[in-house]
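Quick notes on the structure that follows.
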Amino acid sequence: MADPFYLTTAIHYPNGKPHIGHAYETIAADVLARFHRQGGREVRFQTGTDEHGLKMAQKARDLGVTPRELADEMSGYFRDLFAKLDISHDRFFRTSEAEHHRASQALWRAMEANGDLYLDRYEGWYSIRDEAYYDESELVDGEGGDKLSPQGTPVEWTVEESWFFRLSKYQQPLLDLYRERPDFIRPESRRNEVLRFVEGGLRDLSVSRTSFDWGVKVPGHDDHVMYVWVDALTNYLTGLGFPDDTEEMARFWPADLHLIGKDIVRFHAVYWPAFLMSAGIALPKQVFGHGFLLNRGQKESKSLGNTTDPGELADLYGVDVLRYFLLREFSFGQDGSYSHEAIVSRSNSELANSFGNLAQRTLSLIFKNCDGVLPSVHERTAEDDALLAHVSRVVGKEMPVAYADLAFAQALEAWMGAVFACNAYIDAQAPWALKKTDFKRMETVLATLYAAIAQLAVAVVPVMPGSMDRLLGAMGVDAHQRDPAAILEEWYAALAGGDFRLAKPEGLFPRLEAPAQEPA
RNA sequence: GGCGGAGUAGCUCAGUCGGUUAGAGCGGGGGAAUCAUAAUCCCUGUGUCGGGGGUUCGAAUCCCUCCUCCGCUACCA
């Protein structure tokens with residue numbers, strides 16, 4: 001297969017159970033992966049969990065388990081969720097895997113060999129209780145003039161031995177990169193932020209810690225573990241077999257897209273390319289920082305008690321409804337606000353009433369009036385041609401362009417426009433009336449709709465794989481025809497001429513009840 | 001404080017390299033139809049395009065200013 005496409009999500013930090021943001025990012029990546037596979041590209045899609053770092057160590061200690069045990073458990077929740085959400089990743093990555101330690105150390109040695117790592121001392125305000133350094137500006141004044149951390153714990157000026165990465169050396173190379181490849185960081189607003197940050201000057205980065213040991217050991221210095229981001233970012237390489245010269249590395253690196261949340265753009269758009277330049281490794285093609293989902297306009301947090309379990313949403317409304325909602329409702333890249341009412345309303349009006357009902361009424365007419373035999377096309381009118389032209393344009397052109405550009409909401413908006421056109425068409429043609437007056441015309445109308453519905457279904461297979469495969473299966477559309485190119489071809493006559501018989505159609509998307517009360 | 005983004009119909013938003021009467025969906029109102037998941041289709045919006053000022057033949061779209069909200073402002077991830 002040609003044209004490889006390597007796509008990654010951020011590896012998720014499992015110091016808590018997965019939340020809606022994890023689901024959002026991973027579903028979006030999955031849709032993109034499925035879209036490219038559907039178009040014939042050879043896709044490699046990686047997600048996983050980032051298990052090192054201070055917080056995991058602290059949390060494990062609080063719970064009285066080892067970090068590894070905690071990681072095993074928490075990582076499992078992510079795996080389970082992704083299975084439930086129909087995520088089609090090729091690799092679920094865990095930074096605690098042994099080969100990952102080897103890869104991170106190889107990257108480290110490459111940066112060291114390039115003269116970009118040096119041992120020095122890290123000085124700063126350190127809170128023993130928080131096990132963290134704070135910037136002077138973050139400190140608050142306590143009673144008696146003592147300085148306190150933002151958490152109100154005492155801090156003291158501490159000096160620690162640490163390895164540093166010569167980030168300062170990469171200011172100009174990074175600025176050159178951003179200029180030469182304007183699409184390296186998307187969306188534009190994130191790019192501007194990064195640009196300004198780098199233009200403001202870069203300080204060398206402390207990249208090792210001696211205060212805890214849950215991480216990847218620095219080669220030759222066992223008392224140091226790598227700063228979590230060094231090893232976290234390396235996962236994109238390890239997943240392909242780095243540092244070995246694997247077939248996967250050759251085929252899929254550099255990555256086509258790192259899909260991440262807007263909060264970690266800096267690590268991916270500044271540190272990561274600098275590390276790679278230092279190590280002499282090709283840079284990924286694009287970093288896209290998506291927006292956050294807000295619960296009724298508010299950020300979800302445990303203290304507010306407004307967290308949402310994405311698995312529960314999937315159980316409540318259906319995986320495909322949730323997937324559709326998340327991509328349809330928000331402009332990818334911008335923050336968005338969601339609510340149970342919004343999910344129910346979107347699902348009922350678009351999936352149940354508009355598309356589901358279109359399929360149901362069309363297939364029912366064929367089932368009842370033609371005994372399940374797909375009707376022949378006799379003579380197409382201008383109305384038929386106009387409808388098919390509209391649907392083909394959307395399915396064959398507008399949606400692929402939008403998907404490829406991560407403009408999911410636009411793709412689905414165009415899709416809805418085509419669904420509306422089908423409903424307007426069926427009402428104008430009124431095949432139920434033609435049944436008595438012009439049976440042949442009725443057949444042509446139903447055949448036209450059948451082809452249109454199949455095309456519309458194929459177009460949203462990446463978004464709603466389960467439901468659409470069920471529909472297309474019921475419609476007798478072969479698996480190999482379920483891609484935007486094949487479904488635009490003349491497959492209908494062959495199918496109708498064969499011995500395929502339509503069974504009694506079943507509803508695709510049941511209407512949802514509005515939640516009586518907002519769950520706490 | 002500095003830098004950046006945003007403020008468009010009841011709601012959610014699209015639209016800005018200046019140009020015919022500013023758009024969509026949802027909700028509301030009216031009508032049609034009854035094949036279908038009581039779903040669908042048609043009709044229906046007098047909106048100060050955050051306020052004010054300016055440039056222009058002409059601005060939601062460019063400039064200035066003010067107000068409001070949000071983001072970034074490096075070593076938790």
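The figures here come from the full heavy-atom set of this structure, side chains too, leaving out hydrogens, waters and symmetry mates.
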Taking atom C1' in both C57(B) and G15(B), compute the distance separating them and give it to the nearest angstrom.
24 Å
Enclosure of Q410(A) CD (heavy-atom neighbours >12, cutoff 6.0 Å)
no
If the cut-off is 4.0 Å, is R266(A) near the phosphate of U73(B), judged by side-chain N/O to OP1 or OP2?
yes
For the pair made of CD in Q429(A) and C1' in A36(B), what is the distance, rounded to whole Å?
17 Å
Between G4(B) atom C1' and L195(A) atom CG, what is the distance in whole Å?
11 Å
Nucleotide nearest D427(A) when distance is taken to its side chain, options A33(B), A39(B), C41(B):
C41(B)
Nearest to side-chain heavy atoms of E329(A), which nucleotide of C26(B), U12(B), C75(B):
U12(B)
Is NZ or CZ of R346(A) both nearer than 6.0 Å to the six-membered ring centre of Y324(A) and within 45° of the ring axis?
no
Of the options G71(B), U37(B), A74(B), whose atoms approach the side-chain atoms of Y271(A) most closely?
A74(B)
Once you round it to whole Å, what is the distance between C1' of G25(B) and CG of L351(A)?
14 Å
How far does the P atom of A14(B) sit from the matching atom of A6(B), given to the nearest Å?
10 Å
Ion pair check, R361(A) and D427(A), cut-off under 4.0 Å
yes
Using whole Å, report how far CG of D231(A) lies from C1' of A77(B).
12 Å
Of the nucleotides A77(B), G25(B), A36(B), which one has an atom closest to the side chain of E350(A)?
G25(B)
Backbone N/O of Q360(A) and side chain of S364(A): donor-acceptor pair under 3.5 Å
yes
Write down the distance separating the C1' atoms in G45(B) and U8(B), rounded off to the nearest Å.
14 Å
Which nucleotide, A36(B), A33(B), A77(B), lies nearest any side-chain atom of K368(A)?
A36(B)
Base, sugar-phosphate, or nothing for L202(A), non-hydrogen atoms under 4.0 angstrom?
base
Aromatic plane relationship, H12(A) with H22(A) - under 30° parallel, 30 to 60° tilted, over 60° perpendicular
perpendicular
So K435(A), base contact, sugar-phosphate only, or nothing? Heavy-atom distance under 4.0 Å.
nothing
Quick check: does any side chain N or O of Y178(A) sit under 3.5 Å from a backbone N or O of A269(A), one acting as donor and the other as acceptor?
yes
Out of A77(B), A24(B), C35(B), whichever nucleotide has its closest atom nearest the side chain of E413(A)
A24(B)
Do you know which of F165(A), W163(A), F164(A) makes ring-ring contact (aromatic ring centres under 6.0 Å, His included) with Y118(A)?
F164(A)
Which of A39(B), U37(B), G4(B) is nearest the side chain of N353(A)? It is A39(B)
hbond_proxy R361(A) side chain to C35(B) base (donor-acceptor, 3.5 Å cutoff)
yes
Gap in Å between the two C1' atoms, one belonging to G7(B) and one to A60(B), rounded
12 Å
Which nucleotide wins on minimum distance to the side chain of E193(A), given the candidates G71(B), A24(B), C26(B)?
G71(B)
Return the value, rounded to whole Å, for the distance between atom NZ of K55(A) and atom P of C75(B).
13 Å
Need one value for G291(A): base, sugar-phosphate or nothing, where a base atom within 4.0 Å counts as base even if backbone is also close, heavy atoms only.
nothing
Please give the distance between the C1' atoms of U16(B) and A59(B) as a whole number of Å.
10 Å
Regarding L167(A), tell me which of base, sugar-phosphate or nothing describes its non-hydrogen contacts under 4.0 Å with the strands shown.
base
Pick the closest RNA chain B nucleotide for D50(A) and for S331(A) by heavy atoms, then say which residue is nearer the 5' end.
S331(A)
Does the side chain of R346(A) get closer than 4.0 angstrom to OP1 or OP2 of C26(B) through an N or O atom?
no
Which value, in whole Å, describes the distance between the C1' atoms of nucleotides G52(B) and U40(B)?
48 Å
Counting only side-chain nitrogens and oxygens, does K59(A) get under 4.0 Å of the OP1 or OP2 atom of C76(B)?
no
Let's see if you can work this out: which of C75(B), A39(B), A77(B) has an atom nearest to the side-chain heavy atoms of F267(A)?
A77(B)
Before accepting this row, confirm whether a basic side-chain N of the pair D183(A)/R191(A) lies closer than 4.0 Å to the acidic partner's carboxylate O.
no
G25(B) pairs with, by Watson-Crick or G-U criteria that keep both distances under 3.5 Å:
C11(B)
So which nucleotide does A38(B) pair with, by the Watson-Crick or G-U wobble rule with both distances under 3.5 Å?
none
Pick base, sugar-phosphate or nothing for L358(A), based on heavy-atom distances below 4.0 Å to the nucleic acid.
nothing
P-based separation of C26(B) from C17(B) [nearest Å]:
28 Å
Starting from P on C42(B), measure out to CZ on F420(A) and report it in whole angstrom.
9 Å
K262(A) side-chain proximity, nearest of G71(B), A14(B), A77(B)
G71(B)
Separation of U34(B) C1' from N369(A) CG (nearest whole Å)
14 Å
If I take atom CZ in residue R203(A) and atom C1' in nucleotide U73(B), what distance separates them, rounded to the nearest angstrom?
11 Å
